There are 2 protein chains.
Amino acid sequence: MTSTAVGARRAPRRDAEENRTALLDAATTALGSDPDASLEAIAAAAGLSRRAIYGHFATRDDLVAASVERGALRLAAATADVDRDDARVALALLGARLWDAVEQVRVLASLAVRGPSLAVVGAALAPVRSRLLSIVTAGAASGTIRDDIPAASLSRLIEQAAIAVLVEATESGFSRDDGHRLVMLIALSTAGLSAREANELIEATPELHHPLPEDAAL
Amino acid sequence: MTSTAVGARRAPRRDAEENRTALLDAATTALGSDPDASLEAIAAAAGLSRRAIYGHFATRDDLVAASVERGALRLAAATADVDRDDARVALALLGARLWDAVEQVRVLASLAVRGPSLAVVGAALAPVRSRLLSIVTAGAASGTIRDDIPAASLSRLIEQAAIAVLVEATESGFSRDDGHRLVMLIALSTAGLSAREANELIEATPELHHPLPEDAAL
DNA sequence: AATAACTTGCACAGCGGTGTGCAAGTTATT
DNA sequence: AATAACTTGCACACCGCTGTGCAAGTTATT
């Protein structure tokens with residue numbers, strides 16, 4: 001007997017949590033391409049009925065919030081270890097890691113545009129954004145990153161450029177390696193490096209050749 | 001007597017067309033910040049009742065289509081004369097002209113993301129996009145623009161970067177001159193120039209100092 | 001095998017939005 | 001001043017979506 005209290009209900013069933021994550025997965029991809037995806041569509045993609053959603057999430061907003069938070073957590077985890085002495089390398093690495101979390105980036109980007117979800121996304125993304133900002137600031141101070149644009153603005157521009165690359169790379173069917181390279185190139189270019197400099201930096205930095213993350217699970 | 005045919009209705013009233021363009025203006029700004037803006041909201045912004053819209057546009061889709069088409073026309077007009085021998089100058093000029101048509105860019109960008117309006121926008125934007133693509137292609141051929149990224153992809157990335165700049169510049173309250181400079185810098189950076197090179201090019205090219213367009217009306 | 005957890009399907013109310021008809025009012029034009 | 005153009009306000013039907021209640025079914029757990 002594993003129950004704890006007197007009126008104790010039996011432990012929640014294992015498949016229930018599986019369904020919950022299936023819903024989150026479905027919501028992530030669905031909302032990633034259409035922030036107004038209906039619960040009907042999401043449930044279908046998860047192989048469940050619309051009615052079943054309400055067994056896991058009280059309201060639609062709860063579902064999207066949960067999806068956003070999980071995405072932000074994964075994103076933070078994927079980019080946790082990118083700090084380097086050379087801000088340019090750190091930036092490239094950060095970009096590369098995004099490529100391995102495209103799904104998450106897509107939802108967040110999609111929901112960050114419009115409506116009330118904006119606030120939720122903003123809060124959830126705060127850590128990642130501050131990491132980027134500090135890289136940019138450090139680079140500007142040490143002269144490795146441009147300083148002709150205010151750091152705050154520049155980091156937002158890099159963020160948007162990176163998102164654009166991810167969309168472009170997935171829709172154009174780039175390979176994993178090409179995707180990595182492209183997102184690094186654009187991040188570096190936006191940061192002020194010339195195309196030549198960006199390519200040389202990547203070439204000269206072994207760590208950037210195949211920037212596989214250490215498979216951090218969550 | 002100005003009437004033409006027998007059962008001729010009297011000529012349409014002058015204020016009717018004023019209201020029509022007021023509606024298009026309102027739709028442009030409203031849809032620019034929320035692609036799902038209600039007709040109620042748009043009508044209110046135009047100083048009319050929702051019911052009055054149907055005197056000018058049969059359906060909501062008609063209104064957005066008209067708004068898109070007018071925006072694309074203005075955009076094309078604003079960027080019609082940017083071709084130059086130096087592809088980098090042409091690109092910078094193109095970016096600068098966008099700054100003077102922010103409203104139009106905003107609607108188009110906002111509607112280009114999601115839903116059925118995507119097709120309409122795509123068609124309407126075709127000329128501007130092909131202008132950009134040919135600049136990029138020419139620049140890559142003559143060695144003034146990067147060739148490490150396929151021209152088609154690169155031009156889409158520049159487009160997205162430019163949009164990001166416009167949003168950033170307006171939301172951060174940049175001055176007109178700062179806005180011009182910022183959008184030129186980012187376009188050039190994405191095209192492969194270093195921050196230094198971009199600034200020097202702008203410095204060395206008088207035409208880019210105060211790129212006021214010749215007030216093309218439409 | 002018994003039980004509770006979970007899913008399903010249906011029905012229903014509610015909400016916000018669109019599109020339409022019509023009568024009454026206002027306003028530019030002749 | 002007469003007339004047609006235009007706007008308004010209200011009514012209504014319709015649509016897709018959300019959220020809820022409930023009864024019946026299925027499935028993991030003990």
Side-chain angles (χ1 to χ4, degrees), chain A residues 1-27 30-31 33-67 111 114-117 120, chain B residues 1-27 30-31 33-67 111 114-117 120:
Chain A
M1 133 115 153
T2 329
S3 57
T4 25
V6 194
R9 318 190 288 271
R10 191 184 277 175
R13 270 162 52 170
R14 211 183 63 258
D15 58 340
E17 191 164 357
E18 282 171 16
N19 285 336
R20 198 191 133 94
T21 69
L23 281 172
L24 284 175
D25 289 345
L31 297 173
S33 58
D34 175 14
D36 295 319
S38 74
L39 294 185
E40 186 74 39
I42 296 176
L48 294 179
S49 70
R50 180 179 74 94
R51 190 60 183 79
I53 292 186
Y54 295 96
H56 299 274
F57 305 95
T59 95
R60 183 182 199 280
D61 286 355
D62 281 13
L63 173 56
V64 306
S67 177
L111 296 172
R114 187 177 93 308
S117 45
V120 193
Chain B
M1 131 117 154
T2 329
S3 56
T4 27
V6 194
R9 319 190 288 270
R10 189 185 279 175
R13 271 162 52 171
R14 211 184 63 260
D15 58 340
E17 190 163 358
E18 283 172 14
N19 286 336
R20 196 190 133 93
T21 69
L23 280 172
L24 284 175
D25 290 345
L31 296 173
S33 59
D34 175 13
D36 295 319
S38 74
L39 294 185
E40 185 75 38
I42 296 177
L48 294 179
S49 70
R50 181 180 74 95
R51 189 62 183 81
I53 292 185
Y54 294 95
H56 300 273
F57 304 95
T59 94
R60 182 182 200 280
D61 286 355
D62 281 13
L63 173 56
V64 305
S67 177
L111 295 172
R114 188 176 91 311
S117 45
V120 193

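Computed from a predicted model, the values in this text were never measured in an experiment. Sequence lines set the chain letters: A, B, ... in the order given, protein chains first and strands last, and positions in each chain run from 1. These numbers come from the heavy atoms of this one structure, side chains and all, not from hydrogens, waters or symmetry mates.
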Given atom [atom1] of [X] and atom [atom2] of [N], what is their separation to the nearest angstrom?
X: E17(A); N: dA5(C); atom1: CD; atom2: C1'; value: 14 Å
X: F57(A); N: dT18(D); atom1: CZ; atom2: P; value: 14 Å
X: L23(A); N: dT7(C); atom1: CG; atom2: C1'; value: 12 Å
X: D62(A); N: dT18(D); atom1: CG; atom2: P; value: 14 Å
X: D15(A); N: dA5(C); atom1: CG; atom2: C1'; value: 8 Å
X: L31(A); N: dC17(D); atom1: CG; atom2: P; value: 14 Å

Quiz item: Is any side-chain heavy atom of P35(A) less than 4.5 Å from a side-chain heavy atom of R114(B)?
Solution: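 Yes - at least one pair of side-chain heavy atoms lies under 4.5 Å apart.
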Practice problem: State, yes or no, whether a side-chain contact exists between L63(B) and L24(B) at a heavy-atom distance under 4.5 Å. | Solution: yes
Quiz item: Considering heavy-atom distances to DNA chain D, does A16(B) or P12(A) have its closest nucleotide positioned more toward the 5' end?
Solution: A16(B)
Any idea which heavy atoms bring [X] and [Y] closest together, and the distance?
X: L39(A); Y: I53(A); answer: O-CD1, 3.7 Å
X: H56(B); Y: N19(B); answer: NE2-CB, 4.1 Å
X: D61(B); Y: V64(B); answer: O-CG2, 3.1 Å

Using atom types as modelled, flag every donor-acceptor pair under 3.5 Å from a side chain in residues 40-47 of chain B to any protein atom, sequence neighbours excluded.
none

Quiz item: Looking for any heavy atom pair under 4.0 Å, which part of the strands does R14(A) touch: base, sugar-phosphate only, or nothing?
Solution: sugar-phosphate
Quiz item: OP1, OP2 of dC6(C) versus side-chain N and O of H56(A): anything below 4.0 Å?
Solution: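 So the side-chain polar atoms of H56(A) never come under 4.0 Å of the phosphate oxygens OP1 or OP2 of dC6(C).
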Exercise. Determine: side-chain N/O of N19(A) to OP1/OP2 of dC6(C), distance under 4.0 Å, yes or no.
Key: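 So the side chain of N19(A) is outside the cut-off, no N or O lying under 4.0 Å from OP1 or OP2 of dC6(C).
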Exercise. Can you figure out which of dT30(C), dC6(D), dT8(D) approaches the side chain of R10(B) most closely?
Key: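 Among dT30(C), dC6(D), dT8(D), the one nearest the side chain of R10(B) is dT30(C).
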Practice problem: Report yes if a donor N or O on one partner sits less than 3.5 Å from an acceptor N or O on the other, where the partners are the side chain of R13(A) and the base of dA5(C); otherwise report no. | Solution: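 By the distance-only test, yes, there is a pair.
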Practice problem: Mark yes or no for whether S117(A), through its side chain, and L111(A), through its backbone, hold a donor-acceptor pair below 3.5 Å. | Solution: yes
Quiz item: What is the bend of the helix from dA1(C)-dT30(D) to dT30(C)-dA1(D) when you compare the axis at one end with the axis at the other, using five pairs each and rounding to 10°?
Solution: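 End-to-end axis angle for the helix from dA1(C)-dT30(D) to dT30(C)-dA1(D): 30°, rounded to 10°.
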Quiz item: If the sugar-phosphate is the primed atoms plus P, OP1 and OP2 and the base is the rest, what is the B/S/- string for nucleotides 12-24 of chain C, using protein heavy atoms under 4.0 Å?
Solution: ------BBBBB--
